[in-house]
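Structure record follows, encoded as structure tokens.
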Amino acid sequence: MKTPINSGTLRQHLTYSWWKYLLIAVIAFGLVDLLYTVTAYHAPRDKTVGLYVYGYVNETELTPYLDNIRQTEMPDMEEVNGLALTIDDTYGPMQLMTYLAAGEGDIYLLPREQFLNNAMSGSLLPLENDAELLALFDSRNISLQSGWRRDTETGETHLYGIPLDKLPGLGHYVYAQDGYLSVIISGGNKDNALKLLRILCRDGLPQSDGQP
């Protein structure tokens, strides 16, 4: 004989079985979220370029600045984004290593220690062959000597980073102590990464009257 359904039996059922409905709701939400994540549109790697900062980011200033670069100077890119990495001594280096290995991002702003480690290990792209980039500094008689480092694997010396202290105009947006702007070898969008680097350096250089 079936138990009749009324307010009493329903209350009793919910008292002992409420957690089942909660579990079903949580699972359903998770499945919908997973479906959205899998099916959501992601820009192709050659249509996105990123600035990853192992330091501090002024998001309210950096985001519109990068959006303006995309719209006015890199319209073929679907995304020009910035990301602040974790900088604590325990998790930060692990996150940085993971991102570099996966080829996440394109341009990295690294503090001196992280810059030296990655330059010497061959993780960064040599920059000295980019004549347009070097001309920006040569025209101002600005030395990039501290950005030259020796790759311990090849024994070769290359320009692996642009010292942030030569780019006071970028202080509105990002900061890393004794920082260097570098392009990673494992990134998948080299040409556009170099283009963005040139734009950042151009905008970051002191004005001709000597004021940032």
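Atom set for the values below is all heavy atoms of this structure, side chains included, hydrogens, waters and symmetry mates excluded.
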Could you give the side-chain donor-acceptor pairs of residues 115-126 under 3.5 Å, partners two or more places apart or in another chain?
unit_1, atom_1, unit_2, atom_2, d
N117, ND2, E113, O, 3.3
N118, ND2, Q114, O, 2.8
S121, OG, N117, O, 3.1
S121, OG, N118, O, 3.2
S121, OG, S123, OG, 3.2

Sequence neighbours left out, cut at 3.5 Å: what donor-acceptor pairs do the side chains of residues 91-101 make with other protein atoms?
unit_1, atom_1, unit_2, atom_2, d
Q95, OE1, T86, N, 2.8
Q95, OE1, T86, OG1, 3.4
T98, OG1, M94, O, 2.9

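At a threshold of 4.5 Å between non-hydrogen side-chain atoms, the residues M77 and K195 do not count as touching. For the pair L194/L133, no side-chain contact is recorded, criterion being any heavy-atom separation below 4.5 Å from C-beta on. Using a 4.5 Å heavy-atom threshold, the side chains of L200 and L167 count as separate. Residues L181 and I107 form a side-chain contact, since some pair of their non-hydrogen atoms from C-beta on lies under 4.5 Å apart.
The side chain to side chain contact (heavy atoms under 4.5 Å, CB included) test applied to L164 returns L109, L170, not counting sequence neighbours. Judged as a ring-ring contact (aromatic ring centres under 6.0 Å, His included), and not counting sequence neighbours, F137 has no contacts. Remark: E61 engages no residue in a salt bridge (Lys or Arg N to Asp or Glu O under 4.0 Å) (not counting sequence neighbours).
Between Y56 and Y175, the two ring planes are parallel [angle under 30°; tilted spans 30° to 60°].
Note on residues 149-174: no pairs pass salt bridge (charged side-chain N to carboxylate O under 4.0 Å, His left out), not counting sequence neighbours.
A donor-acceptor pair under 3.5 Å links the side-chain atoms of E128 to the main chain of L159, judged by distance alone.
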